[in-house]
Number of protein chains: 2
Amino acid sequence: MDLQDAETGERRPETLGEEIFGRILDLIYSTELAPGMVVNESVLATRFGVSRGPVREAIRRLQGIQLVSREPFLRARVVSLSAQAILELFQMREALEGYACRLAAQRMSEAEIDALIADLEAAHSGRQPEGARFDFHERVVRASGNNRIIDSLCGDLYHLLRIYRRISGAVPERKELAFTEHWQILRAIKMRDGALAESLMRSHVERAGRHVLAQVPETPSIAAADAEKRAS
Amino acid sequence: MDLQDAETGERRPETLGEEIFGRILDLIYSTELAPGMVVNESVLATRFGVSRGPVREAIRRLQGIQLVSREPFLRARVVSLSAQAILELFQMREALEGYACRLAAQRMSEAEIDALIADLEAAHSGRQPEGARFDFHERVVRASGNNRIIDSLCGDLYHLLRIYRRISGAVPERKELAFTEHWQILRAIKMRDGALAESLMRSHVERAGRHVLAQVPETPSIAAADAEKRAS
DNA sequence: GGTTGAAAATGTGTCAACAGTTTTGAGGTG
DNA sequence: CACCTCAAAACTGTTGACACATTTTCAACC
């Protein structure tokens, strides 16, 4: 079934709506569609050389994962998270990733744990296998084995996170602290102490959230205003 | 935002797609669209007297909240939860409602707590204010103040839960036990013991999950086959 | 008799045009 | 000059027709 995913160069997104969804997502990631900006169906349709139908579907899907806000006949806008919304986002991550961490401590095999530790240390010492970036949180979440939690964290929430992640990812000292915390979490998992692993993961996520909040003091209205000017 | 939910009698679903979404949801709740059955766009369109467009949007939205499964050109089907999926669903509830409970213990005012206790006991003693059914879990979740968690639990997950809820809701002894557990949770909240409240809520949800699982041993394939026959 | 393969049937994906609503902005009025 | 009114513009919601993919049917063939 999955035999065309290897080296075809050009992928074949099964349906047009799927492809448009991805391309709009890229526009949002590249800040060409910044938070607060209007997402116009017909403009994007002509831009991508397709009808409004697929664009409409893509926007509805983005609306479903809360990346754009919309009301019945009003224009859709890229969601711009308030400080409150960012706090709530990270709280939800605390709840879900903490629990996933607890499950991982129960379910992972010794071999899996050791492999994860090895990958973590490899990524930290600089030499990560090129092409596959190491994502500690995703690895732990997937190890939980709960597909519903996996989909929620690696799907919907991940997109939102990614917009605000570059902020906290670049600071070197933060990176060093994150490695230490990741290592401690893995140690708790290896000791099969689910409660401790969950607690550590919660603290870790909460710290990351505070860091993001500190870097994004209050730019929701500014971004929206700026977006408005560019839209005209 | 939730101001038309009270006593208007007839709601005014702003757009056709919204209304169709609700009507398909009702069809699923009434088991006219049972788990495993095919959701046909054109059939529903003619049935509701609208074009395929709004129906298509509604189905995509149902797909977004995981009530129907679908692949590019294949037919959409009402999702039929396996035992594994039910387990995962309740685990996610454990994580989210537990955390919400902890937040509620921090944020609720004394007056809010007392009011909730009063409503719980009123509902238990039979005389609940007619028209507004008492939902303990929803009340606690909303008291958490985290809108993202609220939307997730009272929106997406709630619809899935509701399909399997009638099973566990009807048993009298279960109802009595649930009241006791609810009461204990509220007591922990009143003592401002967030950790205890979270722990109690997790146990409570887990117990409910086991109860549902026991009542639904293995009917996924049966339901799907039955659905197939009715579809022809 | 069972299997393979083509063609009809069914259903989803896409499109362009139409209808209804919101926004814009020009003109008039106090 | 500010405010209100109202029509044109812009945009979203909806529709029916057409294109493509899948599934099913059924007949020819091994």
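Numbered from 1 within each chain, the chains take letters A, B, ... in sequence-line order. All values below were derived from every heavy atom in this structure, side-chain atoms included, with hydrogens, water molecules and symmetry-related copies excluded.
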inquiry  = The test is salt bridge (charged side-chain N to carboxylate O under 4.0 Å, His left out); show your working for Arg162(B) and Glu138(B) and say whether it passes.
reply    = CA-CA 12 Å; Arg162(B) 193 170 151 183; Glu138(B) 180 171 349; over 6 Å; no

key: Criterion side-chain contact (heavy atoms from CB on, under 4.5 Å) on Val141(A) and Glu97(A), from CA distance to verdict   = CA-CA 7 Å; Val141(A) 168; Glu97(A) 281 198 36; 4.0 Å; yes

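What separates CD of Gln63(A) from P of dT12(D) is a distance of 12 Å, to the nearest Å.
An end-to-end axis angle of 10° holds for the helix from dG1(C)-dC30(D) to dG30(C)-dC1(D), taken from five base pairs per end and rounded to 10°.
The line from CD of Glu57(A) to CG of Leu62(A) is 11.5 Å long, rounded to the nearest 0.5 Å.
Screening residues 148-161 of chain B for side-chain hydrogen bond (donor to acceptor under 3.5 Å, both in side chains), with sequence neighbours left out, gives Tyr29(B)-His159(B).
A donor-acceptor pair under 3.5 Å is absent between the side-chain atoms of Glu32(B) and the main chain of Leu27(B), judged by distance alone.
For Phe21(A), there are no ring pair (Phe, Tyr, Trp, His ring centres under 6.0 Å) partners, not counting sequence neighbours. Partners of Gln91(B) according to the side chain to side chain donor-acceptor pair (under 3.5 Å) rule, which considers only residues two or more places apart in sequence or in another chain, are Asn146(A). Not a single side chain to side chain donor-acceptor pair (under 3.5 Å) links Asp26(B) to another residue, sequence neighbours left out.
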request  = Using a 4.0 Å heavy-atom cut-off, write out nucleotides 6-20 of chain C from 5' to 3' as B (base contacted by protein), S (sugar-phosphate only) or - (no contact).
outcome  = -----SBBBBB----

